[in-house]
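So the structure is just underneath, and the comments pick up after that.
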Amino acid sequence: MDNNSNEEVVSKNFIEQIIEKDLAEGVYDEICTRFPPEPNGYLHIGHAKSILLNSGLAKKYNGTFHLRFDDTNPMKEDMEFVESIKEDVKWLGADWGDHLYFASDYFDQMYEAAVKLIKKGKAYVSDLSAEQIREYRGSLTEPGKEDPGSVRSVEENLALFEDMKAGKYEDGSKVLRARIDMASPNINMRDPVIYRVAHMSHQNTGDKWCIYPMYDFAHPIEDAIEGVTHSICTLEFEDHRPLYDWVVRELEYPHPPKQIEFAKLYLTNVVTGKRYIKKLVEQGIVDGWDDPRLVSIAALRRRGFTPESIKKFVELCGISKAQSSADYAMLEYCIREDLKAKAPRMMAILDPVKLVIDNYPEGQTEMLPVVNNPENEELGSREVPFGKELYIERDDFMEEPPKKYFRMFPGNEVRLMSAYFVKCTGCVKDENGKVVEVHCTYDPESRGGNSPDGRKVKGTIHWVNAEQSVKAQVRLYENIIDEEKGVYNEDGSLKGYLDPAGNISTQTVAFSKNIYCFMEDNEGDIWMGSKWDGVFRLKRDGNNRFKIQKFAHEEGNPYSLSNNSIYAIYQDSRKRIWIATYGGGLNLLQETPEGE
C-alpha cells in the first residue's frame, strides 16, 4: 500500500509486464488473445488455466478474446468435442462474442502462404517417407542431411504441390517442407514438414482438401490473420517459437503476433493428458469424458465444482515459467471455500444407525428451525421434523471409544445439531453383535442446542428424523489413481495401477464408507473386505465392468462383527481366498456367493 496515494500496489505476472511494455512502446494499439483448442477431446483443468489467462488478459486490457478451433488434423477431430469445448469455455465465463473461428476457415490462405514460400525458394516438395525424414534430421549432437528434394526448382515444386492438392499422390508419399537450416541446433528448424497428403473427409470442409497443413505452420498464420497480438501457449512450445517467428516473418505479415510461453498446470495423482483420459474412456475404466473422478472441465462441473472455484484455484497456482505441481487438495479447498458461504447445508446420513430418545414423548413430532448456512444469514432457515426416533451416522457412536472421542458413547452428552442435548445410555445389538440401536435421554430445556444452565458439550452430531426421512442416492468418489504408485511411468505412459475403490465407489454408498481392504486376484477380479457387511467380489466382465457378488461367512466364524473387522484378504497358491480379522484369526472363505 502506498501511504502517499493510498492506492493498492498489485504485483503483475511476467505476461502482463510484457503486454504493458508493448502497449507503452506502441508495438500494438490494442490487445487480442485467443484460446486455440484442438477438437480431439474434452478440455481438462489445465486448459482452464489457459482459458482464464487469455480471456482475463483481454478483459483487463480492454482487448478482444477469440475462441479458435485448431482443426487441422481430421483424423482425430469430432463435432462432439467442438460442442463440449464451447460449453466449457462459456461455463468458465470466457466471452468470445462474435470471435468464434476455425483454422479450417483459413485453408485457402494457408495454401497460398505455402505457394508464396515455394516462390521465395523457402519451401520444397520431398519424396522422403516419415521414417527417412527422421533419419535425415540428425540428432541433438549431429547435424541433419540435405533432403534430395531440396534441389528441385521453384517451378517443379509448384507443379508437384499443385498435384498434391489435386489428389494425385497417396498418403505419405509426398510432403512439403520449409527450407530453413538442416544444421540448426534447434531440431524444429531442420526443414520441418508444413504440409502432408491425407485423403480424409474434414468435419468442417468435407472433401474439399486432401492436403492439410501441419500445426506449427498453421498456427502462426491463424494468429496473424485474426490479428492476435500475444499468442500465449505452454512451455513445450518454447522450442517451436523460432519456427513460429520464421513463418510470420517469411510471410511478411505487417503486425506479426508475439508468442509467449508459460508453465502448464499440473495436478498430483490425477490423469490430465487428453490421450490418457481418452484411453480410460475407450477401455471403459471411466464412465465417459465427464466421469466425476476425472478432472476434465465437464467432469468437475458434473461433480459440483463452480466456475468461481476453478478461477480461485488458477489464481492460487499463479502464472510463471517454472514448472510445478499443485496438490489435488488445493482444488478441493477452493470448492469448499467457494460453497462455504453460498450453498445451503442439509443433513444426510450415509451409514445410519437408529437413535432412540427414551424420555421423548411417544408419537410426538415437533418442527425445529435450522439455519441453512451459519456463515450466510441471507440464506435463511428451514423447519426440520424432530421426534423420538432419529438416524445418526454409525461412526458417531462407539461403545468403547478411544481418548479424545467426543461423540456418542455410554454416559457422554452431545448436542444434536440445532436440536437438544442428549446423553447416551447404551445400545442394542443383533445376534451377530452389530449395533442396531443407540439409546439416549434428552434435556427438554436445551432446545435449539444450548442449555440454560450454561453447561457445555464437546461433540455436535447431525441427524435426520427416522420416520420422515427419505432415501437418496449418494455418490462418493475416490481417486482412480493409486497415490502410492503415481500416475505416469518414466517414459510418460500411463501406469496400470488404477485404484479399484475408485472404480466401484459410484455403485453403492455402502462400499464408499466401510471398505477396509481389497485385493485383485489372478483372474482380475476385485475382492473387498467390509467392516460391517462381510466380503464382496467384483467379478470383471469382458467390457471391464464389474458384477458385485456378496459372500456368506463360514459358519462359526462371524468375522464381520465390529470387534472382528476384516483387515486383509489373501489368495493362496490353490486360489483359495483367506480372510484375516481382528480378534477372529484367519478364516477360509466359502466358495459360493450368497447372491449378486
Open item on the list: Looking only at side-chain N and O atoms, does Asp191 offer a donor or acceptor that is under 3.5 Å from a partner on Tyr124?
Closed with: yes

TODO: If the plane angle is over 60° it's perpendicular, under 30° parallel, otherwise tilted; pick one for Phe161 and Tyr195.
DONE: perpendicular

Open item on the list: Would you say NZ of Lys321 has more than 12 non-hydrogen atoms from neighbouring residues, nucleotides or ligands within 6.0 angstrom?
Closed with: yes

Open item on the list: Is there a side-chain hydrogen bond (donor to acceptor under 3.5 Å, both in side chains) between Tyr101 and Glu222? Walk through the geometry before answering.
Closed with: CA-CA 9 Å; Tyr101 304 108; Glu222 297 155 20; over 6 Å; no

Task: side-chain contact (heavy atoms from CB on, under 4.5 Å) between Lys278 and Val281, intermediate numbers included - done: CA-CA 5 Å; Lys278 184 177 182 180; Val281 172; 5.6 Å; no

Open item on the list: Can you confirm if the NZ or CZ of Lys165 lies within 45° of the ring axis of Tyr111 and under 6.0 Å from the centre of its six-membered ring?
Closed with: yes

TODO: Keeping the roles fixed (side chain from Ser296, backbone from Trp289), state whether a donor-acceptor pair exists under 3.5 Å.
DONE: yes

Open item on the list: With rounding to the nearest 0.5 angstrom, report the OG1 to CD distance, Thr33 to Glu226.
Closed with: 11.0 Å

Open item on the list: Using a strict threshold of under 4.0 Å (side-chain N to carboxylate O), is an ion pair present between Arg303 and Asp291?
Closed with: no

Open item on the list: Check Asp88 with Arg301, please: is the shortest side-chain N to carboxylate O separation under 4.0 Å?
Closed with: yes

Open item on the list: Just by distance, no angles: are the side chains of Asp207 and His199 close enough, under 3.5 Å, to form a donor-acceptor pair?
Closed with: no

Task: Min side-chain heavy-atom separation Asn40-Asn73 under 4.5 Å - done: no

Open item on the list: Between Glu337 and Lys312, does any side-chain N to carboxylate O distance fall below 4.0 Å?
Closed with: no

Task: Validation row, ring centre Phe107 to ring centre Tyr212 under 6.0 Å - done: yes

Open item on the list: Please determine whether a side-chain nitrogen of the Lys or Arg among Glu16 and Lys60 lies less than 4.0 Å from a carboxylate oxygen of the Asp or Glu.
Closed with: yes

Task: Polar side chain donor-acceptor pair, Gln203 to Asp71, under 3.5 angstrom - done: yes

- [ ] Given side-chain contact (heavy atoms from CB on, under 4.5 Å), test Glu83 with Lys86 step by step and report yes or no.
- [x] CA-CA 5 Å; Glu83 294 304 318; Lys86 287 163 62 176; 3.6 Å; yes

TODO: Can you establish whether the number of heavy atoms outside Lys168 located under 6.0 Å from its atom NZ is more than 12?
DONE: no

Task: Main-chain N/O of Ser129 paired with Gln132 side-chain donor or acceptor, under 3.5 Å - done: yes

Open item on the list: I want to check something: taking the side chain as every heavy atom from C-beta on, are Leu117 and Phe217 in contact at a cut-off of under 4.5 Å?
Closed with: yes

TODO: Could you check if a side-chain atom of Pro242 sits within less than 4.5 angstrom of a side-chain atom of Asn188, using non-hydrogen atoms only?
DONE: no

Task: Over 12 non-hydrogen atoms of neighbours within 6.0 angstrom of CD in Gln17 - done: yes

Open item on the list: If we count only N and O atoms by modelled type, under 3.5 Å, do the side chains of Tyr136 and Glu146 hold a donor and an acceptor together?
Closed with: no

Open item on the list: Taking Lys90 first and then Glu87, would you say they form a salt bridge - that is, a charged N and a carboxylate O separated by under 4.0 Å?
Closed with: no

Task: Side chains of Tyr253 and His255, donor plus acceptor under 3.5 Å - done: no

Open item on the list: Check whether Ser173 reaches the backbone of Tyr169 with its side chain - one donor and one acceptor, N or O, closer than 3.5 Å.
Closed with: no

Task: Heavy-atom check, side chain of Met330 versus side chain of Leu316, under 4.5 Å - done: yes

- [ ] Assess whether atom CD of Glu131 is packed by more than 12 heavy atoms of other residues, nucleotides or ligands within 6.0 Å.
- [x] no

Task: Donor-acceptor contact below 3.5 Å, side chain Ser309 vs main chain Ile335 - done: no

Task: Flag, side chain of Asp105 to backbone of Phe102, donor-acceptor distance under 3.5 Å - done: yes

Open item on the list: Salt bridge or not between Glu252 and Lys120? Use side-chain N to carboxylate O under 4.0 Å.
Closed with: yes

Open item on the list: Are the side chains of Leu251 and Lys116 in contact, using a 4.5 Å heavy-atom criterion?
Closed with: yes

- [ ] May I ask you to decide if the ring planes of Phe35 and His47 are parallel, tilted or perpendicular, using 30° and 60° as cut-offs?
- [x] perpendicular

Task: Check: Val125 main-chain N/O paired with Asn157 side-chain donor or acceptor under 3.5 Å - done: yes

TODO: Flag the pair Leu23 / Glu30 as yes when at least one side-chain heavy-atom distance between them is below 4.5 Å, and no otherwise.
DONE: no

TODO: Decide yes or no on side-chain contact (heavy atoms from CB on, under 4.5 Å) for Asp287 and Arg302, but give the supporting numbers first.
DONE: CA-CA 12 Å; Asp287 180 27; Arg302 179 179 171 190; 3.7 Å; yes

Open item on the list: With a 6.0 Å cut-off (strictly less than), is the heavy-atom count around OH of Tyr333, excluding the residue itself, greater than 12?
Closed with: no

Task: Asp223 side chain to Pro257 backbone, donor-acceptor under 3.5 Å - done: no

Task: Electrostatic pair Glu236-Lys264, nearest N-O below 4.0 angstrom - done: yes

Task: Asn373 side chain vs Ala343 backbone, donor-acceptor pair below 3.5 Å - done: yes

TODO: Give me the one residue out of Ile232, Ile15, Leu57 that meets side chain to side chain contact (heavy atoms under 4.5 Å, CB included) with Ile319.
DONE: Ile15

TODO: Please tell me if the side chains of Phe262 and Asn13 come closer than 4.5 Å, counting only heavy atoms from C-beta onward.
DONE: no

Open item on the list: If I take atom NZ from residue Lys76 and atom NZ from residue Lys274, how far apart are they, to the nearest 0.5 angstrom?
Closed with: 9.5 Å

Open item on the list: Main chain of Arg68, side chain of His66: is a donor-acceptor contact present, judged purely on distance under 3.5 Å?
Closed with: no

Task: Partner set under salt bridge (charged side-chain N to carboxylate O under 4.0 Å, His left out) for Lys342, not counting sequence neighbours - done: Glu308, Asp338

TODO: Would you check if the side chain of Ser184 reaches a backbone N or O of Ile187 as a donor-acceptor pair within less than 3.5 Å?
DONE: no

Task: N-O pairing of Glu375 and Arg345 below 4.0 Å - done: yes

Task: Atom pair CZ (Arg34) and OG (Ser50), whose distance is rounded to the nearest 0.5 Å - done: 7.0 Å

Open item on the list: Once you measure the plane-to-plane angle for Phe237 and His240, does it fall in the parallel (<30°), tilted (30-60°) or perpendicular (>60°) bin?
Closed with: perpendicular

Open item on the list: Checking Val115 against Leu158 for the side-chain contact (heavy atoms from CB on, under 4.5 Å) test, could you report, in this order, the C-alpha distance in whole Å, the side-chain angles of both residues, the deciding distance, and whether it holds?
Closed with: CA-CA 7 Å; Val115 170; Leu158 287 172; 3.8 Å; yes

Open item on the list: I'd like to know if Lys174 pairs up with Asp127 as an ion pair, taking the criterion as any Lys NZ or Arg NE/NH1/NH2 lying under 4.0 Å from an Asp or Glu carboxylate oxygen.
Closed with: yes

Task: Note: Glu261-Arg241 ion pair, threshold 4.0 Å (strictly below) - done: yes

